[in-house]
Protein chains: 2
Amino acid sequence: MTHSEENYIKAIFHLGMGSEDVISTNSVAERMETKPSSVTDMMKKLSAKGLVHYKKYQGVSLTPLGVKTALSIIRKHRLWEVFLVEKLDFTWDEVHEIAEQLEHIESEKLIDKLDELLNFPKFDPHGDPIPGKNGEFIERDNQLLSQIPIGSSAICVGVKDSSAVFLRFLDKNNIALGNKMKIVEKEEFDNSLRIHIDQRELNLSQQIASNLYVKMIKL
Amino acid sequence: MTHSEENYIKAIFHLGMGSEDVISTNSVAERMETKPSSVTDMMKKLSAKGLVHYKKYQGVSLTPLGVKTALSIIRKHRLWEVFLVEKLDFTWDEVHEIAEQLEHIESEKLIDKLDELLNFPKFDPHGDPIPGKNGEFIERDNQLLSQIPIGSSAICVGVKDSSAVFLRFLDKNNIALGNKMKIVEKEEFDNSLRIHIDQRELNLSQQIASNLYVKMIKL
DNA sequence: TATATAATTTAGATATAACTAAAAATATGT
DNA sequence: ACATATTTTTAGTTATATCTAAATTATATA
Ligand SMILES: [Mn+2]
Ligand SMILES: [Mn+2]
Ligand SMILES: [Mn+2]
Ligand SMILES: [Mn+2]
């Protein structure tokens with residue numbers, strides 16, 4: 001498989017949130033930052049290879065083989081991200097671009113050895129689950145901070161938006177995975193939250209709160 | 001730079017043994033396992049980019065920029081090989097193919113961090129010198145076992161042929177970098193050597209002996 | 001349901017990196 | 001120095017991955 005084919009498969013997988021959902025040509029084009037006509041060409045190719053179901057004008061979906069392929073690329077991407085952070089002291093906002101390249105390296109043995117070196121991590125630096133050799137993975141709690149009731153406590157377990165800008169914002173405010181936070185108040189006007197974290201009080205806009213995955217805890 | 005361009009630059013560098021020697025189109029084609037006409041095309045492109053000096057029918061040589069580029073790719077290749085052996089327990093016959101892929105990953109920071117993780121190694125698993133950030137490197141002793149006088153002792157410091165077949169042959173006979181060996185006898189008939197190594201006596205054909213780099217030692 | 005709008009595909013073009021076959025230049029041997 | 005052999009280049013073709021513009025199909029609206 002070419003890098004390009006792999007990137008398309010990954011895009012379709014993420015757009016369908018990991019299921020075999022039907023995805024539109026336009027949405028793939030948008031995500032890939034390419035033109036719909038280029039997507040059509042590639043869909044024909046991927047369809048011929050048995051990786052996607054595709055009928056013209058009907059959108060596209062991954063076949064079971066396509067899902068398996070996507071999971072393997074994502075496994076590689078996320079393991080490399082863990083490597084970069086754990087072994088090379090990269091920060092979580094620096095790793096994605098490099099992992100975009102490393103995910104295409106072909107060697108099953110390399111990935112298994114890397115997995116072992118990293119002690120078989122289950123989540124990447126952004127809290128995203130790392131699929132195992134056979135595609136199995138632990139579902140991460142997918143509740144957003146913006147969705148949980150006032151007064152409740154939660155642990156930060158992931159980011160929905162993992163852009164460098166957002167990650168650096170979190171760093172600046174000392175918000176990291178594993179942090180415990182309690183929602184003190186919700187502002188009616190703009191849905192911003194006042195939270196208690198790390199002996200501090202912090203104001204988070206709705207947009208921030210709806211990009212943080214949390215796991216609720218009882219006190 | 002594309003992977004293809006990088007591979008051509010590396011090929012020209014190796015054919016010229018690291019200097020700015022003039023290389024023939026045919027020799028590049030042979031090394032790249034491609035056709036001379038394809039080489040001509042690429043030489044025009046690399047010339048336009050200022051990486052090689054090229055005049056039709058006159059052969060090709062690297063510019064200083066070309067040499068610098070080659071050294072950077074080789075640095076990456078060899079550091080990744082060390083990583084694979086030291087950190088992921090690969091054997092020296094398994095690493096080259098994977099490094100051929102990894103050498104094209106673009107990130108200066110990644111390579112510098114890797115260098116640090118590996119403790120700034122000066123040689124790769126095959127005894128080849130690893131260029132530093134600025135292209136400088138330690139010249140390895142380039143004497144071949146076949147060239148040193150009978151009765152002398154030497155330490156194995158590298159392999160000229162680093163094909164998997166040869167490396168596995170060396171493993172099978174417990175010949176590794178750092179081993180001390182003494183030439184006991186040279187057979188007139190076929191130039192094979194009888195050597196003393198590791199409390200053993202071993203017979204090495206001329207072909208073997210002319211693919212092992214050694215550093216002579218005084219007793 | 002007819003029409004307008006949006007989504008998607010097709011057709012045709014460009015760029016890269018290969019190839020084959022033929023032409024041209026260089027090198028070699030007598 | 002000439003004829004031949006070898007090397008190298010050119011011209012034209014193929015495959016991949018893009019693009020733009022035009023045509024087609026689907027969807028939404030009146
Ligand atoms: Mn990522
Ligand atoms: Mn990618
Ligand atoms: Mn190598
Ligand atoms: Mn390479």
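Just so it is clear: chains get the letters A, B, ... in the order the sequence lines come, proteins before strands, and each one is counted from 1. All values below come from the heavy atoms of this structure, side chains included, with hydrogens, waters and symmetry mates left out.
Residue B:Tyr54 places no side-chain N or O under 4.0 Å from the OP1 or OP2 atom of D:dT8. Remark: B:Ser4 is not in phosphate contact with C:dT16, judged by side-chain N or O atoms under 4.0 Å from OP1 or OP2.
Computed from coordinates, the A:Lys35 NZ to C:dT14 P distance equals 18 Å when rounded to whole Å. Following rounding to the nearest Å, A:Asn26 (CG) and C:dT5 (P) show an atom-to-atom distance of 18 Å. We find that CE of B:Met43 is positioned 13 Å from C1' of D:dT8, with the value rounded to whole Å. The interatomic distance linking A:Lys49 (NZ) with D:dT16 (C1') rounds to 10 Å, in whole Å. Residue B:Asp41 contributes atom CG, which lies 11 Å from atom P of D:dA11 at whole-angstrom precision. Distance NZ (A:Lys55) to C1' (C:dT8): 16 Å, rounded to an integer number of Å. Here the P atom of nucleotide C:dT16 and the NZ atom of B:Lys44 are 14 Å apart, to the nearest Å. Taking atom CD of residue A:Glu5 and atom C1' of nucleotide D:dT18, one finds them 14 Å apart after rounding to whole Å.
Side chain of A:Tyr57, nearest nucleotide from D:dT24, D:dT18, C:dT20: D:dT24. The A:Ser38 side chain lies nearest to D:dT18 when the options are C:dT8, D:dT18, D:dA26. When each of D:dT9, D:dT10, D:dT8 is scored by its nearest atom to the side-chain atoms of B:Ser24, the top-ranked nucleotide is D:dT8. Comparing D:dT16, D:dA26, C:dA11 by their closest approach to the side chain of A:Thr2 singles out D:dT16. Taking the side chain of A:Lys56 as heavy atoms from C-beta on, and the options C:dT10, C:dT20, D:dT8, the nearest nucleotide is C:dT10. Nearest nucleotide to the side chain of A:Met42, out of C:dT20, D:dT18, D:dC19: D:dT18. Among the nucleotides D:dT20, D:dT10, D:dT18, the one closest to any side-chain atom of B:Ser37 is D:dT10. Side-chain atoms of A:Pro36 lie closest to C:dT9 of the nucleotides C:dA18, D:dC19, C:dT9.
The aromatic rings of B:Phe83 and B:Trp80 sit perpendicular, their planes meeting at an angle over 60°, well past the 30° parallel limit. The aromatic rings of B:His96 and B:His77 sit tilted, their planes meeting at an angle between 30° and 60°.
Proximity of A:Trp92 to A:Asp124: side-chain heavy atoms (C-beta onward) are nowhere separated by under 4.5 Å.
Side chains of B:Asp161 and B:Ser163: a donor-acceptor N/O pair is present below 3.5 angstrom, by distance only.
With the nearest nucleotide of DNA chain D identified for both A:Gln58 and A:Glu33, A:Glu33 has the one nearer the 5' end.
Residue-level contact check: A:Thr25 touches the backbone only, with heavy atoms under 4.0 Å from sugar-phosphate atoms and none from bases.
To the nearest 0.5 angstrom, B:Lys76 atom NZ is 10.5 Å from B:Lys10 atom NZ.
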